[in-house]
Amino acid sequence: MKYGNFFRVVVIVLITASFIACEKSDDFIPSDEFSTELVDDVSLKSAHKSNGFVHGIIVDIDGMDYYLAGPMDGTNGEADVPGHYWNLAGPNKLVGKHYNTGPFGMPQWWSSDAGDGDLLYIVHAVIDTWSMEKAKSYAKKGFVHYHEFVKVDGGMLHPTKVIWLKHTAVTNFTLDGGPGAPNPMYEHEVTPGVDFDFPRNGMMPYDPHDMMH
């Protein structure tokens, strides 16, 4: 009995120590599926972009390198969507963190009532072509917005493929900024969960000759 009690105590201590270590670790990475329990983790709210998430990610599409279209404000002049940091999550998939930061570090660029640099969304992204059938299917799942790719060599838009984005908010704020601001049609109050009102362009046919969204 004495040895049994001793081992039970050791196991409890080890489990507790492991749990505390995980909570304090800067390497904590959220799972691919959104969980409200992860929102409160301090590593998600920190302004430093760690855990392999990078701004200005290069994506291989059909053997060619592409950026996400946007200002060339990456560390070495890479283009990207302002305030977004990305990590590859599998074939044709990315996961991102969307912070309240603008091009070249402009403060509070996406939201006027959220703190500068605050984490606003976890973003799930799928690389695919556009069709009305796909647009409707993606919209039901929260992918209401798509974004363009530009070729690393030459800056040309990808002829057929875009990145479909689902934004899952991690806090309460007003989305009243971004590249289209001011725009009353896009401005709205955001609460934690999938933002189905994120600026919707999913039903607009993709034409690489159009202006960037």
Side-chain angles (χ1 to χ4, degrees), residues 29-41 43-47 49 51 53-57 59 67-71 80-90 92-103 106 108-128 130 134-149 161-204 206 212-213:
I29 302 176
S31 63
D32 190 52
E33 294 300 322
F34 177 77
S35 170
T36 55
E37 295 175 356
L38 300 181
V39 172
D40 294 327
D41 188 271
S43 66
L44 291 181
K45 290 187 176 180
S46 63
K49 320 305 188 292
N51 303 329
F53 287 80
V54 296
H55 183 67
I57 193 169
V59 182
Y67 297 129
L68 276 75
D80 205 342
V81 187
H84 286 65
Y85 286 72
W86 304 98
N87 205 340
L88 293 174
N92 297 318
K93 292 183 180 180
L94 284 77
V95 62
K97 299 179 182 181
H98 179 166
Y99 293 86
N100 194 22
T101 304
M106 291 179 61
Q108 292 181 291
W109 195 67
W110 292 94
S111 172
S112 62
D113 59 4
D116 180 37
D118 279 2
L119 178 67
L120 303 177
Y121 298 100
I122 298 297
V123 186
H124 291 89
V126 179
I127 301 170
D128 200 352
W130 185 95
K134 288 182 179 180
K136 292 177 180 179
S137 177
Y138 276 122
K140 292 177 182 178
K141 301 173 183 177
F143 294 83
V144 298
H145 185 90
Y146 68 77
H147 195 81
E148 298 88 349
F149 286 106
K161 291 187 177 180
V162 296
I163 189 162
W164 291 91
L165 304 176
K166 176 173 72 173
H167 286 71
T168 303
V170 301
T171 187
N172 297 285
F173 61 93
T174 304
L175 187 68
D176 54 359
N183 189 333
M185 290 181 62
Y186 289 157
E187 182 175 334
H188 64 283
E189 299 298 317
V190 181
T191 57
V194 177
D195 185 0
F196 286 91
D197 292 320
F198 194 85
R200 302 182 184 186
N201 69 344
M203 298 301 170
M204 298 171 56
Y206 173 63
M212 296 180 184
H213 301 295

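- To the nearest 0.5 Å, atoms NZ (Lys141) and CZ (Phe196) are separated by 11.5 Å.
- The two atoms that bring Phe143 and Lys166 nearest to each other are CD2-N, 3.5 Å, heavy atoms only.
- Side-chain contact between Pro82 and Pro71: present, with at least one pair of heavy atoms (C-beta onward) separated by less than 4.5 Å.
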Report the C-alpha separation of Ile127 and Phe149 in whole Å, then their side-chain angles, then the decisive distance to 0.1 Å, and conclude whether the side chain to side chain contact (heavy atoms under 4.5 Å, CB included) test is met.
CA-CA 10 Å; Ile127 301 170; Phe149 286 106; 3.8 Å; yes

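- Checked by atom type, the side-chain pair Asp116/Trp109 shows no donor-acceptor distance below 3.5 Å.
- By the 4.5 Å heavy-atom criterion applied to side chains, Phe198 and Leu165 are not counted as neighbours.
- With hydrogens and angles disregarded, a donor-acceptor distance shorter than 3.5 Å links the side chain of Asp113 to the backbone of Thr174.
- The two residues Asp80 and Val54 come nearest to each other via the heavy atoms OD2-O, 4.3 Å.
- Counting heavy atoms from C-beta outward, Val170 and Ile122 have side chains that approach closer than 4.5 Å.
- In this structure, the side chains of Ile163 and Val126 stay at 4.5 Å or more apart for every pair of heavy atoms.
- The NZ atom of Lys97 sits 9.0 Å away from atom CG of Asn87, with the distance rounded to the nearest 0.5 Å.
- By the 4.5 Å heavy-atom criterion applied to side chains, Val95 and Val123 are not counted as neighbours.
- Ion pairing between a basic and an acidic side chain is recognised when a charged N comes within 4.0 Å of a carboxylate O; Asp128 and Lys161 show no such pairing.
- Between Tyr186 and Asp197, the closest side-chain pair of non-hydrogen atoms is not below 4.5 Å.
- Remark: Val162 engages Tyr146, Trp164, Tyr206 in a side-chain contact (heavy atoms from CB on, under 4.5 Å) (not counting sequence neighbours).
- Taking each heavy atom of Pro192 and Asn172 in turn, the nearest pair found is CD-OD1, 3.3 Å.
- Phe53 and Tyr85 have their aromatic ring centers separated by at least 6.0 angstrom.
- Applying the side-chain contact (heavy atoms from CB on, under 4.5 Å) test to Val190 and every residue at least two apart in sequence or in another chain returns Tyr121, Ala169, Phe173, Leu175, His188, Asp195.
- Checking each of His98, His147, His124 against His167 for a ring pair (Phe, Tyr, Trp, His ring centres under 6.0 Å) leaves exactly one that passes, namely His98.
- The line from CD of Glu189 to OG1 of Thr191 is 9.5 Å long, rounded to the nearest 0.5 Å.
- Summarising the geometry of Gly202 relative to Trp130, their closest heavy-atom pair is O-NE1, 2.7 Å, with the distance given to 0.1 Å.
- With rounding to the nearest 0.5 angstrom, the OG1 atom of Thr171 is 9.0 Å from the CG atom of Leu119.
- Considering CE of Met185 and CZ of Arg200, their distance stands at 10.5 Å, rounded to 0.5 Å.
- Gln108 contributes no side-chain N or O that, together with a main-chain N or O of Asn100, makes up a donor-acceptor pair within less than 3.5 Å.
- A search for side-chain contact (heavy atoms from CB on, under 4.5 Å) contacts involving Ser112 returns Asp176, not counting sequence neighbours.
- Taken from CG in Asp118 to OG1 in Thr101, the straight-line distance is 8.5 Å, to the nearest 0.5 Å.
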